[in-house]
Amino acid sequence: MVCAFNLCVIDQLLRGQLAALSIAVVVIVVGVPLWWKTTETYRAWLPVSQINELSNLQLQLSADVEVVFARGTVTPEQQKKVPLTRTQDEEHSVDEDTALRYRYETRYRTATIMEEDALDQPTAAEADLSLHTLSECPCGSLVVYVIPESSSLLPQDVDVYIGQRRTALLRIGGQIRVGKTLDLLLAHLEPRIKQVLQVMSFSHTDITAALSDRVRLSPGNKESIADSMRTFKSSPGYEITFSLLNPDPKSHRLHWDIEGAVQTYIQPLLTKLASVANFSIDSQTLYYAMLGVNPRFDSSLGAYTLSPDSLAHMINPVEARLGSNAASSNPVLNFLLYVPDAQHSPLHIHDSKKQEVPTNAFHSPRWGGIMVYNVDGFYGPEAVFPVDLNINMAKVMGVFLAQLRLLLGVQSPNAPSGFLVAPCSRTGLADWELDRLMWSRSVENVATATTTITSLAQLLDQIGNIVINDNIAEQVSSAVTSLQLAVAELEAGNLRFALQYSKEAILASERAFFDPSLLHLLYFPDDQKFAIYIPLFLPMCVPILLSLLKIVSDARQKRREKQAKKD
Amino acid sequence: MKILGLLSLLATHLSANSVNIEENAGQFFSSGHTNNWAVLVCTSRFWFNYRHVANTLSVYRSVKRLGIPDSHIVLMLADDMACNHRNPKPATVFSHKNMELNVYGDDVEVDYRGYEVTVENFLRVLTGRLPPSTPRSKRLLSDDRSNILIYLTGHGGNGFLKFQDSEEISNVELADAFQQMWQKRRYNELLFIIDTCQGASMYERFYSPNLMALASSQVGEDSLSHQPDLAIGVHLMDRYTFYLLEFLEDIHPASKSNMNDLFKVCPKSQCVSTPGHRTDLFLRDPGSALITDFFGSVRKVEITMETVNLTDPIEQVEQNFVNEDLQKESYSYVDQLPVSEIIHQGLQLVNNNPGLSHPHLSFTGQSVCCRPSSISSI
C-alpha cells in the first residue's frame, strides 16, 4: 500500500487505539461478569427474616383449669353466680431475647350428681378412680374438685390429694373462714389452686431449666443443677439396655424372665411416653464381669459393704464390655443387675451415713443405673453348685422403673406440706406427670431448635464460601414453619400438637445443621488470594491499562493543539 | 496523645471481649460434667514418624487406664507402624527404648486409620457433620455435659499442622471448628494438647469459652524427639509426650492433682523447647480443675432412694408355633484357619534348616497382623 509516512502512522495509531479500546470493552463487559459468575458459590435462599424473628422468642403457655365445687362448699347465693370463667396472665422476662407468659384459664362450676356420687366414696383413691370414669380430661388441662372441710375423703392433716390422672381434691375451710361472697371465696381459693398448679402443671423453675440451651442463667441451688445434669436431653429416640452381670457362673446359674418383665412392667410406661420419644429395648447377659472395686467385709453386719465413694469407680470397668447398638446415635440408658459372686455375698450398698440403702441400687446421671441383687439367701451351704436361681423380676423392675423415671425427667417435685400424692399407677407414670414432661420437652425442643437455626444462619452468613444446597434450604424452611406452628399451638394450649411440631422442628433443624455438605474446608487468607489472581490478571491488564492511558493523553494533547490553533 | 487514645480503645475492646466470654459461659461456672470423651490424632505417615504414632498410642493407653472406655475415644492414626514392613518387631509399638513398654497391645481400637485421617474427617468428627452411614464408634457423640480431651501430634509450623504430608489444617479453621462445637453445645470443657513444632501457634486463635490449651513449644521453637532405639532404628517418642506420660503414670482414678501440675510438665531443661499453655478462655480456676476431669472418667453417682411397687405377675409371652420350624435349621461354624498348625510347621522348617532365619518366626502367637512369608511356600 502506497501511502505517505504520516498517514500510515496515523492509520496504525487509529488501529492500535481501536484494538486497545475493544479489548478493554470485552474484558470489562464480558470477562468480569463471567469470572464473577463462575467463581460464586451456590447459595439457596434462606428465610433469614423469619429466622431473625424467631431469635426473639416470646413463648406463651396456656393451661386450662376446671374448678368444680362439690356440695357444701358454696352457698346457694354464690351458686347462682357460678358458672364463670376467668383468665390470668403471668409475665416473666427471662433475658433480653426470651420472654415467657403463662396463661391460666379457670372455669368454675358446680358438681353434677354423678360426680357427687363419685365423691361419696370412702377413700380418695377410689373417688379418683370413679371420677376418672366419668370424664376424660384432655392433655394439658386439670380438674380440681373442691370438697368441704367435713369431708372424710382426706386424712386429717392433708388438704390436697393429687390423683393419678389429671384430677386433684382440694379441701377448703368452712364458710365462716372463707367468706360469704363469691369474690371472697375465689380470692381464698386462688393461691391454693396456684400451689396445685405448680405441682401438677408447669412451674417457672421447670420451664426456665428447659430453656437452658438458649438462656445463660446463673445456676440456682444445688438441686436444680443436679436435676439438669441428671436428666437426658430431649432426643427423638432412646435405647434402653438391660444387662445381667454374673461374675460367678460356676456357683450361680441365673434365670431372669426379662422379656416377660419388660412386657409387663416397662412397656406400659414406654407406650405412654410414645408421644415424647421412641424407645428401643434390648437385653444381654455378661459373664465374668467383675466390679472394679473391692468391697470391704463388715463383720458386725456379716456382709460386704460398698461405700458411696467407691461407687463412682464401679461403672468404668464394666462399661467397656457393655457394647451398644452401632446403628443409631441415640442416647443409651444402661440398667445393670449385678449378682455378687458366692465369695462376696451378701453385698450391700451403704450411703454416706453408713446406713444400708433399702433399694441396694444407685444411678449415674445421663448414663443409667446399677442394682445389686443378693442371692445368698436362696440356698444353703450344702447346695450343689451351680445353683439354679430365679430372679424376682418385680422387685428388680420396681427399682429400674424408678431409676428410669428419674433419668427421663419425671421426678416428682417436692410437694408442699399438706399435699398427698397418689402412688404410681401400674404404668409407673401419672397423667399429670406426663403433661409436665410434655410441657418441658416442648419448651426445650423449641428453645434448642431456635438456637440451632439462628446459629446456622449466623454461620452461613459469616462464612461466604460455604455452598448452601437446596435440601438444606428446604430443611431450614420446614424447621421454621414447624417452630412457628409449635409456638402457636403452645399458645392455644394444644399440648400434644405442640410437642409433635416441636419434635418435627428439632429433627429438621438438626438435619440442616449437621448436613455433611456444610463443612467449611477452604480458608483463604488475603495474601493467598492476591497470589492466585495477580499472575493471571496482571500481565493481561497492564498493556490494556497503559494503552487506555495513552489514548486519553493523546486525546487531551489533540484538544490542546486544537485550542492552540484556534487561538 | 494519639497513642494513648488508641491504647485506651484497645483496652476497652479487650475488656468488653472478656466480659462477653464470661456472659457467654456464665452458666458453666459451677456446673460439672457427666461424661468424658477423647479425640487422639496422629497426623503423620511414613516409618520415620514412628514417634508420632507412639505418642498418640501412649496417651490412648493412659486415658484408657484412667477410665475412659473405647466407645468414648476417637483414635485416628495416619499410618500403621505395628504392621509396617520395616518394623523388626511386628505387632508392637514401643514407647521406651530397650522395648520396655509396648503401647500397641492387643486391645487397641483404631477408629480412623491410614488414609482416613484427613483434615476433612477430623473437622467432620469435631463438628458432627458426618454422613448418616457413619457407625457410632467413628462419631463424637458428646453433649453439653461432656469434657473433651483433644490431642494432636505430628509435624507443624507457624499456624498450621500438616496432615499426611499432603494437606494442612490452619489455626483459624481449628478455632472456627471449636466455635461451632460451642454453638451446638457439644462440650462442657475442652482440653487441647498439641505436640508439634511451634505448637503454641495453633491455640493463638481460639475464641470460644471453656477452652484450655497446652503446647509443647512456642512459636519459632522446634519440639524435639526423645531417644532413638537402635534395634528399631527410629526415635520412639517426643520429649513433651514422654514426660507427660511419666507424669500421667502417677495419676490414678482417685487422685486429686490439678491442672497447675500439668503445666509444670517438661520444663525447658528437659524439653529443650518451652512448653506453653493458655487458660484465659477457661472459666474455672485451673487449680480447681482436676487431671481426671479430662484424662479420666470419674462418674457422679446418686443413691436410688425410690422404688415403684409392682404387684402384677408377669404375663406369659405366647409361644409362636412358627418358632418350631425356625429351630429346625441348624448352624455350624466354618472351618477356621489352623494357625497353630501352620506356626508349628513353620518352626519345624526352621529347626530342620538352621540356615533359614526369619525374624517373623522368632516368637509364637503374638503376631496379630503379619503373616510369616514362609507360609506361602507351604
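In the text below, chain A, chain B and the rest are named by the order of the sequence lines, each starting its count at 1. Note: hydrogens, waters and symmetry copies are ignored here, and every other heavy atom, side chains too, is used. Note that the structure is a prediction, hence the values are computed from the model and not measured.
For B:Ala177, no part sits under 4.5 Å from any heavy atom of chain A, backbone or side chain. For A:Pro358, no part lies near chain B; criterion is any non-hydrogen pair under 4.5 Å. With a 4.5 angstrom heavy-atom cutoff, A:Leu311 touches chain B via backbone and side-chain atoms both. The contact between B:Asp143 and chain A is made entirely by side chain atoms (from C-beta outward), counting heavy-atom distances below 4.5 Å. Residue contact with chain B, scored on non-hydrogen atoms closer than 4.5 Å, is absent for A:Leu322. Using a 4.5 Å cut-off between heavy atoms, A:Val357 contacts chain B through its side chain alone, with no backbone atom that close. Using a 4.5 Å cut-off between heavy atoms, B:Leu130 contacts chain A through its backbone alone, with no side-chain atom that close. In this structure, the portion of A:His313 lying under 4.5 Å from any heavy atom of chain B is its side chain and not its backbone.
With chain B as the partner, the residue from A:Phe514, A:Trp367, A:Phe400 showing the most heavy-atom pairs under 4.5 Å is A:Phe514. When each of A:Ser352, A:Pro308, A:Pro516 is checked for heavy-atom pairs under 4.5 Å with chain B, A:Pro516 comes out on top.
Checked against side chain to side chain contact (heavy atoms under 4.5 Å, CB included), A:Ala394 has the following partners two or more places apart in sequence or in another chain: A:Tyr265, A:Asn392. Contacts of A:Gln458 classified as side-chain hydrogen bond (donor to acceptor under 3.5 Å, both in side chains), with partners at least two apart in sequence or in another chain: none.
If you run side chain to side chain contact (heavy atoms under 4.5 Å, CB included) between A:Leu336 and each of A:Thr241, A:Ile315, A:Ile370, only A:Ile370 comes through.
Judged by the 6.0 Å and 45° rule, B:Arg186 forms no cation-pi pair with B:Trp182.
A salt bridge links A:Glu510 to B:Lys184: one of the charged nitrogens lies within less than 4.0 Å of a carboxylate oxygen.
Using a 3.5 Å distance cut-off with no hydrogens or angles, the side chains of A:Asp309 and A:Ser307 do not pair a donor with an acceptor. Of the N and O atoms on the side chains of B:Asn121 and B:Tyr115, not one donor lies less than 3.5 Å from an acceptor on the other residue.
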